[in-house]
Amino acid sequence: MLRNRSVVYYPEELSLLGHILDQAVESLPTVMRTPGNQAEMARNILACAATGERDPIELELAALTNLKVTAAA
């Protein structure tokens, strides 16, 4: 995905992207809701949205790619 591309989002788009991030985080098991995974999810959503994607399902799927699973101590 494109990570170094400058994109401007309108307030409505940011609201949508934030809502999608919240939903994606809530869909994870509690142990996976780490700050690192949440930051990665936000980056994934923004990178996907930078390509012009606005379908909430596609954006949520993008959010959930490449997350780290941590083992319980």
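Atoms considered below: every heavy atom in the structure, side chains included; atoms not considered: hydrogens, waters and symmetry mates.
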field: Asn44 to Ala63 - nearest heavy-atom pair and separation
entry: ND2-O, 3.4 Å
query: Under a 4.5 Å cut-off applied to non-hydrogen side-chain atoms, are Leu21 and Leu59 in contact?
result: no
Side chain to side chain, His19 and Leu17, heavy atoms closer than 4.5 Å: no
- line: Output for pair (Glu40 CD, Ile45 CD1), nearest 0.5 Å, gives 10.5 Å
- request: Grab the two heavy atoms, one from Ala50 and one from Tyr9, that are nearest each other, plus how far apart they are.
  value: N-OH, 3.4 Å
- request: Answer yes or no: is there a side-chain heavy-atom contact under 4.5 Å between Ser27 and Glu60?
  value: yes
message: Could you check whether any side-chain N or O of Glu26 sits under 3.5 Å from a backbone N or O of Gln23, counting only pairs where one atom can act as donor and the other as acceptor?
response: no
task: Kindly say whether Leu67 contributes a backbone atom to a donor-acceptor pair with the side chain of Asn37 at under 3.5 angstrom?
output: no
field: Nearest atoms (heavy-atom pairs only) where Leu64 meets Met41
entry: CD2-CE, 3.8 Å
Taking every non-hydrogen atom, the tightest pair across Ile20 and Pro56: CD1-CA, 3.7 Å
field: Any donor-acceptor pair under 3.5 Å from Arg33 side chain to Gln38 backbone
entry: no
Single-linkage hydrophobic cluster, 4.5 Å side-chain cutoff, Leu61 and Val25 together: no
